[in-house]
Amino acid sequence: MRLSSQTFTRFSPSSYPNMTSGSNSLMWFRKGLRIHDNPALEYAAKNSTHVYPLFVIDPHYMKPDPTAFSPGSNLAGLNRIRFLLESLVDLDSNLKKLGSRLLVLHGEPGEVLIRCLKEWDIKRLCFEYDTDPYYQALDAKVQSYALESGIEIFSPVSHTLFNPADIIQKNGGTPPMNCLSFSKIAGEPHWLSSSLSTTPSVIPPVGDVGNCEISEVPTVKQLGYDDIQEDEPPVFKGGESEALRRLRESTNDKKWVATFEKPNTDPSAFIKPSTTMLSPYLKFGCLSSRYFYQCIKEIEKEFKNHTSPPVSLLGQFFWRDFFYTVGFGTPNFDRMRGNKICRQIPWNNDDELLAAWRDSRTGFPWIDAIMVQLRKWGWIHHLARHSVACFLTRGDLFIHWEKGRDVFERLLVDSDWAINNGNWLWLSCSAFFYQYHRIYSPITFGKKYDPTGAYIRHFLPVLKDMPKEYIYEPWTAPLSVQTKANCIIGKDYPKPIISHEIASKECKRKMAEAYDLNKKQNGIVSDEDLQNLRTRVEDQSQATVPRRLKQKLI
DNA sequence: TTGAGGTTGTCTAT
DNA sequence: ATAGACAACCTCAA
């Protein structure tokens, strides 16, 4: 496809009116770890003598954090870091096929980049536009240096289908607040009917790298992750090649693609998961969302009765762009305080309950099994995310969504700033979704997909011999049954940390009080108001939920 | 002001 | 499998 983006940031200093063929270009990779449909790379490859493809290993993202609750950096768990490194190895290999290679440097990306621009006498800097706050701040610094130095910048929008800024402008200055109005404003992407030719055939060679300390793509061990215990092979293999292979595999069954309905997919499917599992590849841009979109569009043409957004496979891309747009247009999107679209809710501060949830010790097998899958795979089904997010926040534990967001951010291979925050806002009924009476049951929700509990048995082997009558509520099994199943509740597997029946009622009442306050005060809730409300609802809660229901954790 | 619609709730009855 | 009760949130269009 000829996906030359019409929406891009470009500064062409007048001191360089003609791009001469004797110029050096730097292609800065961050996301967008691919050679297909990569407008920044394509632009760099044109009319340059030398192209320097660069990736900077950023300690902000990849420095090991020994104090964290699971191996990884303070931002990313090991599964995601490994995925990223594999993606870089694959990118290097794909670049080599085009006569180039990937240059890897270590350090603070802004500083490293500016050093490279000087050292390599770069006249043109190309990188994919990024809406995440971290890159917005970083890119502003780099751009201001480049402008002063007369370096041309080419920064196209190619991570998402649409340019979030365009959507916000079309909507009158604020982001659309639901998926339907987003779709109406967005329409069809302008590049939809562009032809399918995806990869540059050659990239000008890397020039002299001077004094820069170029390294190979490091291994996780070289980055300082020593104690890796691998009991199972990773579920994902990073990289563009694997992404395209999996895309072909996923789109092989055209009828499945055309009749996909997200809400009807099965969160308990683990032998053959019920969705494409391509999200990690989209997150890092190993797979172009626009290319994927075109592939689905082609398939839909063959089926008159194909499904439609928001539930169709194509619809999932609108959700992605929707969250990117709201995230871009909302100050403090990743926080409750200072976030205008976020209901102010007096969440509990209970680290004991939070740790139980995080470490699969809630005593609810459905919840605990999901959290095991999250740690092991770095991926869980969307509805599984709903189940555990609802349980942590408005459904049972009433703990702040930001705490759950941090855990997901760390453990998910596909964790994406806008989408992760957007979904936590959604699930906690803080924004977008407000029907807080609809609470996922930690017992019956999983049961309706998986009545025998195969999913639980797989991820929580301690319960593998528990009869199916008790697998979702093992504390109700008679002691003789527990003994026979080699699983004594309270010893081998925890008792439930709360009563779902009581806790969910309490949560509804607290949500009603919080909504009431937000409405009365028109969303302007001070720290003091919030603390007063917290004291009030907790006092009432003490009256109805005895402390002993928060049983000792194993 | 009113009413319809909102990707993915649960429980019971048919 | 599907329908209605439950108790009732929000936003947006008319």
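Proteins come first, then strands; the chains are lettered A, B, ... in the order of their sequence lines, and each starts at number 1.
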Give the C-alpha distance, both sets of side-chain angles, the deciding distance and a yes or no for ring-ring contact (aromatic ring centres under 6.0 Å, His included) between A:Phe391 and A:Phe445. CA-CA 12 Å; A:Phe391 185 86; A:Phe445 183 71; over 10 Å; no
Using a strict heavy-atom distance below 4.0 Å, which residues from residues 302-322 of chain A are in contact with DNA chain B? A:Pro310, A:Val311, A:Gln316, A:Trp319
Looking at residues 372-383 of chain A, who's got a heavy atom less than 4.0 Å off DNA chain B?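 Output list: A:His382, A:Leu383.
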Quick one: do [X] and [Y] make a salt bridge, cutoff under 4.0 Å?
X: A:Lys254; Y: A:Glu298; answer: no
X: A:Asp414; Y: A:Arg385; answer: yes
X: A:Glu513; Y: A:Lys510; answer: no
X: A:Asp166; Y: A:Lys170; answer: no
X: A:Arg337; Y: A:Glu402; answer: no

Would you list the pairs meeting side-chain hydrogen bond (donor to acceptor under 3.5 Å, both in side chains) in which at least one residue belongs to residues 449-470 of chain A, sequence neighbours left out? A:Gln373-A:Tyr455
Give, ordered by number, those residues of residues 418-432 of chain A having at least one heavy-atom distance below 4.0 Å to an atom of DNA chain C; if nothing qualifies, reply none.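 Heavy-atom contacts with DNA chain C come from no residue of residues 418-432 of chain A; none.
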To the nearest Å, how far apart are [X] [atom1] and [N] [atom2]?
X: A:Asp266; N: B:dT7; atom1: CG; atom2: C1'; value: 17 Å
X: A:Lys262; N: B:dT8; atom1: NZ; atom2: P; value: 12 Å
X: A:Lys184; N: C:dT11; atom1: NZ; atom2: P; value: 17 Å
X: A:Phe182; N: B:dT7; atom1: CZ; atom2: C1'; value: 15 Å
X: A:Gln435; N: C:dC10; atom1: CD; atom2: P; value: 10 Å
X: A:Leu180; N: B:dG5; atom1: CG; atom2: C1'; value: 9 Å
X: A:Asn522; N: C:dT11; atom1: CG; atom2: C1'; value: 15 Å
X: A:Asn264; N: C:dA1; atom1: CG; atom2: C1'; value: 12 Å

Could you label the plane-to-plane angle of the [X] and [Y] rings as parallel, tilted or perpendicular, counting under 30° as parallel and over 60° as perpendicular?
X: A:Phe162; Y: A:Phe318; result: tilted
X: A:His400; Y: A:Trp347; result: tilted
X: A:Trp366; Y: A:Tyr472; result: tilted

For A:Lys519, report the nucleic acid contact type (base, sugar-phosphate, nothing); a contact means any heavy atom under 4.0 Å. sugar-phosphate
Is A:Arg343 touching bases, backbone alone, or none of the nucleic acid, heavy atoms closer than 4.0 Å? sugar-phosphate
Flag the pair A:Leu313 / A:Glu300 as yes when at least one side-chain heavy-atom distance between them is below 4.5 Å, and no otherwise.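 Result no, sub-4.5 Å side-chain heavy-atom pair not found.
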Are side-chain heavy atoms of A:Asp334 and A:Trp417 found at a separation under 4.5 Å? yes
Hey, are [Y] and [X] close enough side-chain-wise for a donor-acceptor pair under 3.5 Å?
X: A:Asn163; Y: A:Tyr129; result: no
X: A:His500; Y: A:Asp396; result: yes
X: A:Ser70; Y: A:Arg410; result: yes
X: A:Thr307; Y: A:Glu261; result: no

Span that lies between the C1' atom of C:dA8 and that of C:dG4, in whole angstrom: 15 Å
If we take the P atom in both C:dA3 and B:dG5, what is their distance in whole Å? 16 Å
Among C:dC9, C:dC12, B:dT8, which is the nearest nucleotide to the side chain of A:Pro263?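 For the A:Pro263 side chain, the nearest candidate turns out to be B:dT8.
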In sequence, state the C-alpha distance, the side-chain angles, and the governing distance for A:Tyr281 and A:Phe83, and then conclude on ring-ring contact (aromatic ring centres under 6.0 Å, His included). CA-CA 9 Å; A:Tyr281 301 93; A:Phe83 187 97; 5.0 Å; yes
With Watson-Crick and G-U wobble geometry limited to distances under 3.5 Å, how should the secondary structure of DNA chain B be encoded in dot-bracket form, using | for bases paired to another strand and [ ] for crossing pairs? ||||||..||||||
For nucleotides 9-14 of chain B, read 5' to 3', which letter fits each nucleotide if B means a protein heavy atom sits under 4.0 Å from the base, S means only the sugar-phosphate is that close, and - means neither? BSS---
